[in-house]
Amino acid sequence: MKSKEIRQQFLDFFASKGHQVVASSSLVPHGDPTLLFTNAGMNQFKDVFLGFDKRPYTRAASSQKCVRAGGKHNDLENVGYTARHHTFFEMLGNFSFGDYFKRDAIAYAWELLTEVYKLPKEKLLVTVYAEDDEAYDIWTKEMGVPADKVIRIGDNKGARYASDNFWMMGDTGPCGPCTEIFYDHGAHIWGGPPGSPEEDGDRFIEIWNNVFMQFNRDEQGVMHPLPKPSVDTGMGLERISAVLQGVHANYEIDLFQALIKAAARETKTTDLESPSLKVLADHIRACSFLIADGVIPGNEGRGYVLRRIIRRAIRHGYKLGVRAAFFYKLVPDLVIEMGEAYPELVSNKTRVMDTLKQEEDRFFETIENGMAILETELADIAAKGGKTFNGETAFKLHDTYGFPLDLTADVCRERDVTVDAAAFDAAMARQKDQARAAGKFKMSANLEYDGAATQFHGYEKLESDALVLALYKDGAAVDSLSEGEVGVVVLDNTPFYAESGGQVGDSGELRASDGIFSVEDTQKVQASVFGHHGVVTTGKISKGDSLKARVNTRARAATMRNHSATHLMHKALREVLGGHVQQKGSLVDSEKTRFDFVHTAPLTDDEIRQVEALVNAEILANEATQARVMGIEDAQKTGAMMLFGEKYGDEVRVLDIGSSRELCGGTHVSRTGDIGLFKITGESGVAAGVRRVEATTGENALKLMQQQQALLGQIAAELKAPASEVPAKLGQLMDNVKTLEKELARLKSKLASSQGDDLVNQAVDLGGIKVLAATLDGADANTLRETMDKLKDKLKSAAIVLASANDGKVSLAAGVTPDLIAKLKAGELVNFVAGQVGGKGGGKPDMAMAGGTDASQLPQALSSVEGWVKAKLN
């Protein structure tokens, strides 16, 4: 039975038992900052179990894609070395939300395994929590499992409920006992049953875990029975496939075998048992699914984990002799195997391949040097009989050659060597300290303030009466600031927005009775304390002053237009390019919005037009903007977009602009129509898999379009044609230019040929070898090359230097006939001459080019050629 049939039978079975079959959630857990990646089937139902969410069904089943390669759950270092560890796996699960409980959960599991999958009952044994008499009785008295095959697992960690068979979501909250089902692979494999001293062996393999959430544990550790106990189960598809396909290791199942053969094909490896092929087969699954779900390789968070997995795969390809990008070529094979069950693989196939290839190309540029250093260090360790790899060298590999620590450790482990992780961490910390010391921090970051928080009124008004709580000059607290002095002012309340969420801080003025302070920027001194940066323009400002705080209304209005347009643009980009688009950074000020997002290819002109059309349609609709402050859980229920990796508090601001809904604390227009006009001004790439769009709105967009219209009018006037005919006229003009350029090149070649004939007679004879150093007036590089070839043909045995000078710049060509290159090299000759005219160059032994910047020295440089050749020949 193939893996895809096993998956489908599982889902069909539970559908027949009244379960709602739910699609797998993303590998990036939305709204759950506690998880790096989705690592269990219950993740998407977490809020249901906690009572924060209610679904229209009380029974569910799913095949959930999972990754365990970072954070608490990290299997990366074991992949390739064991039979069952993976970075990516599928978790089959059935769930009950206050519906059925132990009896039905156990009965369903037993029926599926023994009647549908037809596993021999004698091959199965189960475990229960030692105190769970109810589960024990269901297994022995109702399911008919012999008592000697139902093992009670007690507390083994020194405290009650600290058992492998008692599950907890955290220190407090839902928890309960679990019952696990094991498969006996046979006495020919070493290992004992669970609970025995040999339980870590591979004979008895857990295939299914049924968790019974029946208690709520409070902060005192007291277990309170839940009013609606629930069920959460998990069975690894890879493990049950191994059992049903009669193999022992997961890598022997059909799905992995197809990928192993594909990896062997791309690496030209004949040994299908190679551990490196297993690594490649595993890693292509994790990498492809992560990229399809919007993760891109990077230097932090999820992106860094993905980069580590990719580079570990590349290293194993390198180990098999591959020296160029290959890993991305496994994606089509993965799509064949898993695309039917997970259509996101199909729709994102090209993007996944492009992202992987870019990352491969980048790493292959440095892996050769990095591996050389690694191998040299390992050879030195072996020669000395050592067992520890230098942590400083490991850091150099990480910092200079892009080798993650676990990749270095992976190579070392193959040689029975461990990395000095403490020394690596020390080197990493030292670099961070140096970076911090060298960095230029904004003044607010260094201010010591222990007063009251700033009350922000900037959403409602742009002017307020305020009291000066603190003043700073050169980072130190002062009592006053005088005219001309630069400093920071902290107020008890303010309408000024402090830079946050990509939006720049407000500018404006603070006007007191004795002076005026011009605010050039507003930054946060602390999370809820605003610092107004600027200069005293008149009089002085003192601590305790009452003053009028006024925001620059024109700049704020322009910034709000750009910020609101950013939200609409984000949504439009997702509609036009796909759901993989995620924000990776933004900068919003009064002039523009700059938006970085996940996407592997440049936007086409048509895609840019589509985005502009969608945003301007929202502007024309003139919908009212709504901002609501609510709890984070309530915000999640509204479907508001949250930025992955962003830290949110218990309360958040949900912003509705047109059809966009995001969490945002910035300032925005009252209605979408206030934006006026939206225009994209630029598109570029800023990193692998990250694009940048710049745009502007309102008056700035109008000004830009007027400038472009005026420019088009000037071009039309010069071409003496209506604006509508400019493209055609330019096309004709370019065709004429190309024709003239060809004619000019023909005439130059003809002139050079005639000059070349004249130059033959200028060659000096050195014992049968001709030496020629001459100037060709008006010749370009191509003309110099063409003339050189003709002269070499005519002079037969010669060393030649040709030069031309234009606007003070020198072009040089040196040529040596084949019979002389053993003694004379064109590259050395051209560099000898170029060095005298302020330049350098290079090329092949028979032909080389160079440039120079000092044409005044050219005659002397050419006259020295004969002596140089003579010296070389002697």
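Since we're looking at a predicted model, the values are computed, not measured. The basis for the numbers below is simple: all heavy atoms, side chains too, and nothing from hydrogens, waters or symmetry mates.
- Using a 3.5 Å distance cut-off with no hydrogens or angles, the side chains of Thr127 and Asn165 do pair a donor with an acceptor.
- Residue Ile253 comes nearest to Ser3 through the heavy atom pair CD1-OG, 3.9 Å, listed as atom of the first residue, atom of the second, then distance.
- Remark: side-chain polar atoms of Ser62 are not paired, donor with acceptor, to backbone N or O of Val22 under 3.5 angstrom.
- Phe395 places none of its side-chain heavy atoms less than 4.5 Å from the side chain of Leu405.
- Just one of Arg312, Arg311, Arg308 meets the salt bridge (charged side-chain N to carboxylate O under 4.0 Å, His left out) condition when paired with Asp410; it is Arg312.
- With 3.5 Å as the limit, one finds no donor-acceptor pair spanning the side chains of Thr114 and Glu111.
- Note: Leu334 CG to Lys349 NZ = 10.5 Å, rounded to the nearest 0.5 Å.
- A donor and an acceptor atom, one from each side chain of Thr388 and Asp420, are nowhere located under 3.5 Å apart.
- Classification of Lys278 and Asp282 as a salt-bridged pair fails, no side-chain N sitting under 4.0 Å from a carboxylate O.
- Salt bridge annotation for Glu414-Arg315: present, with a cationic side-chain nitrogen under 4.0 angstrom from a carboxylate oxygen.
- Taking a cutoff of 4.0 Å between a charged side-chain nitrogen and a carboxylate oxygen, Lys2 and Glu337 do not qualify as a salt bridge.
- Asp361 places no side-chain N or O within donor-acceptor distance of the main-chain N or O of Ala325, the cut-off being under 3.5 Å.
- Side-chain atoms of Ile373 and Asn369, non-hydrogen and from C-beta on, never get closer than 4.5 Å to each other.
- A cation-pi geometry, defined here as NZ or CZ lying under 6.0 Å from the six-membered ring centre and within 45° of its normal, does not hold between Arg692 and Phe597.
- Between Ala40 and Cys66, the closest heavy-atom pair is N-SG, 3.6 Å.
- Annotation: side chain of Glu266 is not in contact with side chain of Leu280 (no heavy-atom distance under 4.5 Å).
- Under 3.5 Å, the side chains of Asp354 and Gln358 contain no donor-acceptor pair of N or O atoms.
- Counting only heavy atoms from C-beta outward, the side chains of Tyr117 and Ile6 approach each other to under 4.5 Å.
- Thr418 places none of its side-chain heavy atoms less than 4.5 Å from the side chain of Lys387.
- Gly321 approaches Arg323 most closely through the heavy-atom pair C-NH1, 3.4 Å.
- Of the possible polar contacts, one joining the His248 side chain to the Asp202 backbone as a donor-acceptor pair under 3.5 Å is found.
- A donor-acceptor pair shorter than 3.5 Å cannot be found between the side chains of Asn390 and Glu377.
- Between Glu360 and Lys329 there is no salt bridge, since no side-chain N of the basic residue sits under 4.0 Å from a carboxylate O of the acidic one.
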Please test Leu255 against Ser241 for side-chain contact (heavy atoms from CB on, under 4.5 Å), starting from the C-alpha separation and ending with a verdict.
-> CA-CA 9 Å; Leu255 197 158; Ser241 293; over 6 Å; no
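- In this structure, the side chain of Tyr318 does not engage the main chain of Met371 through any donor-acceptor pair within 3.5 Å.
- Between Glu90 and Arg7 there is a salt bridge, with a side-chain nitrogen of the basic residue lying less than 4.0 Å from a carboxylate oxygen of the acidic one.
- The two atoms that bring Pro297 and Glu359 nearest to each other are CB-OE1, 3.4 Å, heavy atoms only.
- Using bins of under 30°, 30° to 60° and over 60° for the plane-to-plane angle, the ring pair Trp208/Phe14 lands in the perpendicular bin.
- Remark: the backbone N or O of Pro193 is paired with a side-chain donor or acceptor of Ser196 at under 3.5 angstrom.
- Classification of the Phe95-Phe45 ring pair by plane angle, with boundaries at 30° and 60°, yields tilted.
- Aromatic ring centres of His398 and Phe424 lie closer together than 6.0 Å.
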Audit row: Phe182, Phe204, ring-ring contact (aromatic ring centres under 6.0 Å, His included) steps and yes/no = CA-CA 6 Å; Phe182 288 74; Phe204 296 91; 7.7 Å; no
Between His580 and Ile296, is a side-chain contact (heavy atoms from CB on, under 4.5 Å) present by the stated rule, with each step listed?
-> CA-CA 10 Å; His580 64 276; Ile296 63 169; over 6 Å; no
Candidate pair Leu290 and Arg302, rule side-chain contact (heavy atoms from CB on, under 4.5 Å), full reasoning = CA-CA 9 Å; Leu290 284 171; Arg302 298 183 177 98; over 6 Å; no
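- Taking NZ from Lys118 and CG from Leu113, the interatomic distance works out to 12.5 Å, rounded to the nearest 0.5 Å.
- Between the side chain of Lys123 and the backbone N or O of Tyr183, no donor-acceptor pair lies under 3.5 Å.
- There is no side-chain donor-acceptor pair under 3.5 Å between Thr179 and Asn210.
- Going from atom CG of Asp596 over to atom CD of Gln583 covers 8.5 Å, rounded to the nearest 0.5 Å.
- By the 30° and 60° cut-offs, the orientation of the rings of Tyr251 relative to Phe256 is tilted.
- For Asp333 and Lys261, the salt-bridge test fails: no basic side-chain N is under 4.0 Å from an acidic carboxylate O.
- Rounding to the nearest 0.5 Å gives a distance of 10.5 Å between CG of Asp12 and CG of Leu112.
- If you take CG on Leu306 and CG on Leu356, they are separated by 7.5 Å, rounding to the nearest 0.5 Å.
- In this model, no donor atom of one side chain and acceptor atom of the other lie less than 3.5 Å apart for Thr355 and Tyr328.
- For the pair Arg351 (side chain) and Ile291 (backbone), a donor-acceptor distance under 3.5 Å is present.
- Arg574 contributes a side-chain N or O that, together with a main-chain N or O of Val581, makes up a donor-acceptor pair within less than 3.5 Å.
- Using a 4.0 Å cut-off between a side-chain N of Lys or Arg and a carboxylate O of Asp or Glu, Glu198 and Arg203 do not qualify as a salt bridge.
- With Ser26 contributing its side chain and Val28 its backbone, the two residues share a donor-acceptor pair below 3.5 Å.
- One distance of note links CD1 of Ile240 with CE of Met1; it measures 9.5 Å at 0.5 Å rounding.
- The closest donor-acceptor contact from the side chain of Gln64 to the backbone of Met42 lies at 3.5 Å or more, if one exists at all.
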Take His185 and Val243 through the side-chain contact (heavy atoms from CB on, under 4.5 Å) test and state the conclusion after the steps.
-> CA-CA 8 Å; His185 277 281; Val243 170; 4.2 Å; yes
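- No donor-acceptor contact under 3.5 angstrom links the side chains of His85 and Asn250, judged on distance only.
- With contacts defined as side-chain heavy-atom distances shorter than 4.5 Å, the pair Lys121/Leu124 does not qualify.
- Checked by atom type, the side-chain pair Asn348/Glu344 shows no donor-acceptor distance below 3.5 Å.
- The two atoms that bring Ser63 and Ser24 nearest to each other are O-CB, 3.3 Å, heavy atoms only.
- The aromatic rings of Phe364 and Phe326 lie perpendicular to each other, with more than 60° between the two planes, well past the 30° mark.
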Is there a ring-ring contact (aromatic ring centres under 6.0 Å, His included) between Phe363 and Phe403 once you walk through the steps?
-> CA-CA 9 Å; Phe363 191 42; Phe403 279 51; 5.4 Å; yes
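- Using a 4.0 Å cut-off between charged nitrogen and carboxylate oxygen, Lys396 and Glu392 do not count as a salt-bridge pair.
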